[in-house]
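The shown structure was predicted, so the numbers you read here are calculated from the model rather than taken from an experiment. The basis for the numbers below is simple: all heavy atoms, side chains too, and nothing from hydrogens, waters or symmetry mates.
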Amino acid sequence: MRKVFILICCVLALQSCNKDNTKNETINGFDINWTGDLGKKEKDAVRDMISNMVKVESGTFYMGAQKDSVEYHNYDENATSLEAPVHEVTVSEFYINKYEVTQLLWESIMGDTPNDESDMQWEEEYGKGDKYPAYRISFKEVETFIGKLNEYTGLNFDLPTEAQWEFAARGGVLTNYALYAGGDNLVEVAWVNCDKSNEVGMKSPNALGLYDMSGNVWEMCQDWYYDYTETSVTDPVGEEYNEGYKVFRGGSWKTNAQQARVTTRYRQGIHYRDYETGFRLIIK
């Protein structure tokens, strides 16, 4: 009986260690109203993420790239037709996370790794661990994740729009045109041509302190894919059409230098998932 009593005490002690009855707190200027049944470990993962939200001030920039004229904005000999025409975009203030959503944060909110009919999960050969980016996630699963996160915290998380993503990747109002997120030296700022993904935050950040916006995993955007026009726009979001393609940005651990450029665009359906695609959060 004594052994049983000790075992019960140990179980209760472990359960107690992961309890967190905090209801309201402020982190990094954000007022959090906790709901639901997240334990201390899970709340700490969310707290850490919120503490790493970075303010992006409102600004205007030239979005996209072109290879027709060295005299015009954003000339890039590797630009594709999807990146043109270059056009003026104004972006309102928002907050974006320094890091891609990690496997720890995903599991803290969802309680498990992503799964599909093949029962495929995060694997060592593609990068596995708390600090690795979450990958193999479809847009529908991201919607569920963000919905739960917003319900737990009372905040308004979302995916960045394509314009927000590119503006932040360039460094916002702090920098002008850069080839990659953080400068023109790919080796310093991006994981590309690798065997697997890498822990977030291991390369040099850009001017805003954002990591891995070039390379590591493709980052999903809020937008439905749309073709650029020359019209100047403010806070654009692609309308839903073209059979439900979502935009991805930044390249991945498996892609090459061309795909890691801040203007490269990639599109896939809402049910698409693989070992190279993840996402990053904003707060509106």
### Message
Under the criterion salt bridge (Lys or Arg N to Asp or Glu O under 4.0 Å), I'd like the reasoning laid out for K196 against E124: C-alpha separation, chi angles, the key distance, then a yes or no.
### Response
CA-CA 9 Å; K196 64 176 185 177; E124 296 286 353; 5.5 Å; no
Regarding [X] and [Y], do their side chains bring together a donor and an acceptor under 3.5 Å, going by distance alone?
X: T90; Y: T60; value: yes
X: W34; Y: E25; value: yes
X: E83; Y: T263; value: yes
X: N216; Y: S197; value: no

### Message
Can you tell me how the ring of Y126 sits relative to the ring of Y135, calling it parallel under 30°, perpendicular over 60° and tilted otherwise?
### Response
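Ring orientation, 0 to 90° scale: perpendicular.
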### Message
Below 30° counts as parallel, above 60° as perpendicular, anything between as tilted: where do the rings of Y95 and F30 land?
### Response
perpendicular
Would you confirm whether [X], through its side chain, and [Y], through its main-chain N or O, come within 3.5 Å as a donor-acceptor pair?
X: Q103; Y: G127; value: yes
X: T26; Y: G29; value: no
X: E123; Y: E125; value: no
X: D235; Y: S92; value: yes
X: S214; Y: L186; value: no
X: E100; Y: R280; value: no

To the nearest 0.5 Å, what is the distance between [atom1] ([X]) and [atom2] ([Y])?
X: S108; Y: K43; atom1: OG; atom2: NZ; value: 12.5 Å
X: T22; Y: L38; atom1: OG1; atom2: CG; value: 11.5 Å
X: E57; Y: L174; atom1: CD; atom2: CG; value: 7.0 Å
X: R170; Y: L179; atom1: CZ; atom2: CG; value: 10.0 Å

### Message
Run E276 and R136 through salt bridge (Lys or Arg N to Asp or Glu O under 4.0 Å) and show every step you take.
### Response
CA-CA 7 Å; E276 299 176 58; R136 269 201 66 261; over 6 Å; no
### Task
Please collect all ring pair (Phe, Tyr, Trp, His ring centres under 6.0 Å) contacts where either partner lies in residues 53-75, sequence neighbours excluded, each pair once.
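Applying ring pair (Phe, Tyr, Trp, His ring centres under 6.0 Å) to every pair that reaches into residues 53-75, excluding sequence neighbours, yields F61-F167, Y62-H73.
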### Task
Could you tell me whether E151 atom CD has more than 12 heavy atoms of other residues or ligands within 6.0 Å of it?
no
[X] bridged to [Y] by N-O distance under 4.0 Å:
X: K203; Y: E188; result: no
X: K140; Y: E143; result: yes
X: E77; Y: K67; result: no
X: D44; Y: R47; result: yes

### Task
With ring-ring contact (aromatic ring centres under 6.0 Å, His included) as the test, would you mind laying out the steps for W218 and Y266 before giving the verdict?
CA-CA 9 Å; W218 285 101; Y266 178 54; 4.7 Å; yes
### Task
Could you tell me which residues satisfy ring-ring contact (aromatic ring centres under 6.0 Å, His included) with Y180, sequence neighbours excluded, listed by chain and number?
none
### Message
Quick check on ring pair (Phe, Tyr, Trp, His ring centres under 6.0 Å): which of F157, F279, Y152 does F145 satisfy it with?
### Response
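Among F157, F279, Y152, the one meeting ring pair (Phe, Tyr, Trp, His ring centres under 6.0 Å) with F145 is F279.
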### Task
Answer with yes or no whether the hydrophobic clustering places Y132 together with M220; edges join I, L, V, M, F, W, Y residues whose side-chain heavy atoms lie under 4.5 Å apart.
no
#### Entry: Cluster link V173 to I282, ILVMFWY, side chain under 4.5 Å
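Looking at the clustering, I282 is in the same group as V173.
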### Task
Give the C-alpha distance, both sets of side-chain angles, the deciding distance and a yes or no for side chain to side chain contact (heavy atoms under 4.5 Å, CB included) between N256 and V192.
CA-CA 6 Å; N256 57 28; V192 294; over 6 Å; no
### Task
Apply the test side chain to side chain contact (heavy atoms under 4.5 Å, CB included) to residues T113 and E107: give CA-CA distance (whole Å), side-chain angles for both, the deciding distance (0.1 Å), then the verdict.
CA-CA 6 Å; T113 61; E107 290 178 349; 3.2 Å; yes
### Query
Checking salt bridge (Lys or Arg N to Asp or Glu O under 4.0 Å) for the pair D76/R261: CA distance, chi angles, key distance, verdict?
CA-CA 10 Å; D76 185 340; R261 296 174 302 116; 2.8 Å; yes
### Connected hydrophobic set around V200, excluding itself, where side chains approach under 4.5 Å
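Hydrophobic cluster check, V200: joined to Y99, Y211.
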### Query
Are Y228 and E162 close enough that some pair of their side-chain heavy atoms sits under 4.5 Å apart?
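Y228 vs E162: side chains touch.
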